[in-house]
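All of these numbers come straight from a predicted model, not from anything done at the bench.
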Amino acid sequence: MSDHLVKIIPKDPFCKVSNAALQSAKSFLEKQIRCDSVEIEFNETPIFVDCGSNLEHISCPNCGEMLDFGWWGEAMDKAAESEFTLMEVEMPCCRNIISLNDLNYYFPCGFACCLIQIYNPEQNIEDEIIDVIQNILGSCVCIVEAHI
């Protein structure tokens, strides 16, 4: 049986939310969402927050061209050498310089120094709950849904 994870990350991949704010957001979610568990994670540098088996394709945000997973994997390997502190790449399609964080991932993915993971929520996370989380964290957030 697979698990469904809802991952909440700041839109800015370099945003470092305080441990106190992350703990506060976790406590709030534990009271609002029926789920198996809520976990938080903090890293010094961004990590790739993926959508697991949901990832179908990636496209260029500039020209819309579908990207080859082989090219993307090589770009990720190169960015990993800098612990994802340098994520700009030259696009193979239009030659524009784009951050790996800004690619169009379907389903959404992103990079973050911190994240909140909700394991097997029994309901959809409503916009009102996301608004409270953004206020607690002091940052706009993105939602990454994963099946693992």
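Here the straight-line distance linking atom CG of D36 with atom CD of Q117 works out to 13.0 Å at 0.5 Å rounding. Put simply, OH on Y119 and SG on C35 are 11.0 Å apart, with the number rounded to the nearest 0.5 Å. Distance check, rounded to the nearest 0.5 Å: CD1 of I148 to NE2 of H4 gives 10.5 Å. Distance check, rounded to the nearest 0.5 Å: CG of D68 to SG of C93 gives 11.5 Å. Note that SG of C51 is 8.5 Å distant from CD of E56, once rounded to the nearest 0.5 Å.
Here the closest non-hydrogen pair linking A112 and P10 is CB-CD, 4.2 Å. Of all non-hydrogen atoms in F48 and M76, the two that sit nearest each other are CG-CE, 3.6 Å. The shortest heavy-atom contact between S59 and M66 is CB-SD, 4.0 Å. Taking every heavy atom of both residues into account, A79 and M87 meet most closely at CB-CA, 4.5 Å. Closest of all the heavy-atom pairs between K11 and S139 is N-OG, 4.4 Å. Minimum heavy-atom separation, V49 to K7: CG1-CD, 3.5 Å.
Note on L67: it clusters hydrophobically with F69, by side-chain heavy-atom contacts below 4.5 Å among ILVMFWY residues. Residues L5 and I9 do not share a hydrophobic cluster, clusters being chains of Ile/Leu/Val/Met/Phe/Trp/Tyr side chains in contact below 4.5 Å.
Judged by distance alone, with hydrogens and angles left aside, the side-chain atoms of S24 form no donor-acceptor pair with the main-chain N or O of A20 at under 3.5 Å.
Other members of the cluster containing F28 are V6, I8, V17, L22, L29, I33, V38, I40, F42, I116, I118, I125, I129, I130, V132, I133, I136, L137, V141, I143, with ILVMFWY side chains joined at under 4.5 Å, either directly or via other members.
Annotation: side chain of C15 is not in contact with side chain of C114 (no heavy-atom distance under 4.5 Å). Side-chain contact between V89 and I97 is absent, with no heavy atoms from C-beta onward closer than 4.5 Å. Using a 4.5 Å heavy-atom cutoff, the side chains of M91 and W71 are in contact.
Within a 6.0 Å radius of CD in E126, other residues, nucleotides and ligands contribute 12 heavy atoms or fewer. Other residues, nucleotides and ligands place more than 12 heavy atoms under 6.0 Å from the CG atom of D77.
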Less than 3.5 Å apart, which donor and acceptor atoms pair up between the side chains of residues 101-111 and the rest of the protein, not counting sequence neighbours?
{"from": "N101", "atom 1": "OD1", "to": "F111", "atom 2": "N", "distance (Å)": "3.0"}
{"from": "Y105", "atom 1": "OH", "to": "W72", "atom 2": "NE1", "distance (Å)": "3.3"}
{"from": "Y105", "atom 1": "OH", "to": "L100", "atom 2": "O", "distance (Å)": "2.8"}

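Under the 3.5 Å distance criterion, with hydrogens and angles disregarded, a donor-acceptor pair is assigned to the side chains of E41 and N43.
Legend: salt bridge (charged side-chain N to carboxylate O under 4.0 Å, His left out) pairs involving residues 83-97, not counting sequence neighbours, sorted by first then second residue: E90-R95.
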Working for side-chain hydrogen bond (donor to acceptor under 3.5 Å, both in side chains), residues N54 and H147: CA-CA 6 Å; N54 285 343; H147 283 95; 3.2 Å; yes
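Between K16 and E44 there is a salt bridge, since at least one side-chain N of the basic residue sits less than 4.0 Å from a carboxylate O of the acidic one.
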